[in-house]
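So the structure is just underneath, and the comments pick up after that.
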Amino acid sequence: MELRLYSLANVATILDADEQDVLDWLAAGRFPSPIRLPNGEQRWKSYDLEAWILELPVVHHGGKLSSQDHQAA
């Protein structure tokens, strides 16, 4: 598996969420912390993001499986 680094915009797109949602989860301690690059920009490691996604609870909705809204967790 290859390590990739994602910007806030990339993370929001991957999660189909608003950037502010990601920042809110981060502030609440419910999202992995980014790393800071030498130029000062923040990036999330793909490993951390993938692990977080795998830990999301799965709920049943009308016989279908879907990821639960992480804000409610």
Side-chain angles (χ1 to χ4, degrees):
M1 184 180 289
E2 180 181 333
L3 172 66
R4 294 175 189 241
L5 298 176
Y6 296 114
S7 67
L8 177 59
N10 294 140
V11 170
T13 298
I14 290 166
L15 299 176
D16 192 25
D18 293 329
E19 290 181 16
Q20 189 59 52
D21 289 334
V22 176
L23 295 174
D24 290 345
W25 299 334
L26 180 63
R30 296 184 305 192
F31 197 74
S33 297
I35 60 169
R36 189 165 299 278
L37 299 177
N39 65 3
E41 294 180 1
Q42 296 184 103
R43 294 289 185 268
W44 279 264
K45 295 179 194 176
S46 55
Y47 302 140
D48 293 340
L49 184 59
E50 291 165 6
W52 183 83
I53 291 169
L54 289 172
E55 292 297 318
L56 288 173
V58 175
V59 295
H60 296 273
H61 288 288
K64 297 179 183 178
L65 292 177
S66 65
S67 293
Q68 182 178 3
D69 179 7
H70 202 277
Q71 290 180 358

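Along the sequence shown, residues are numbered consecutively beginning with 1.
Between the side chain of Asp24 and the backbone N or O of Asp21, no donor-acceptor pair lies under 3.5 Å. Under a 3.5 Å cut-off, the side chain of Asn39 and the backbone N or O of Glu41 do form a donor-acceptor pair.
When every heavy atom of Ser33 is checked against every heavy atom of Leu26, the shortest pair comes out as CA-CD1, 3.8 Å.
For the pair Leu49/Phe31, a side-chain contact is recorded, criterion being any heavy-atom separation below 4.5 Å from C-beta on. The side-chain heavy atoms of Gln20 and Leu23, taken from C-beta on, include a pair separated by under 4.5 Å.
Applying the under-4.5 Å side-chain rule to Ile, Leu, Val, Met, Phe, Trp and Tyr, the cluster around Leu5 extends to Ile35, Leu37.
Here Glu19 pairs with nothing under the salt bridge (charged side-chain N to carboxylate O under 4.0 Å, His left out) rule; sequence neighbours left out.
The closest side-chain donor-acceptor pair between Ser7 and Asn10 falls under 3.5 angstrom.
Note: Trp44 and Trp52 fail the aromatic proximity criterion, with ring centroids not under 6.0 Å apart.
Atom OG1 of residue Thr13 and atom CG of residue Asp18 lie 10.5 Å apart, to the nearest 0.5 angstrom.
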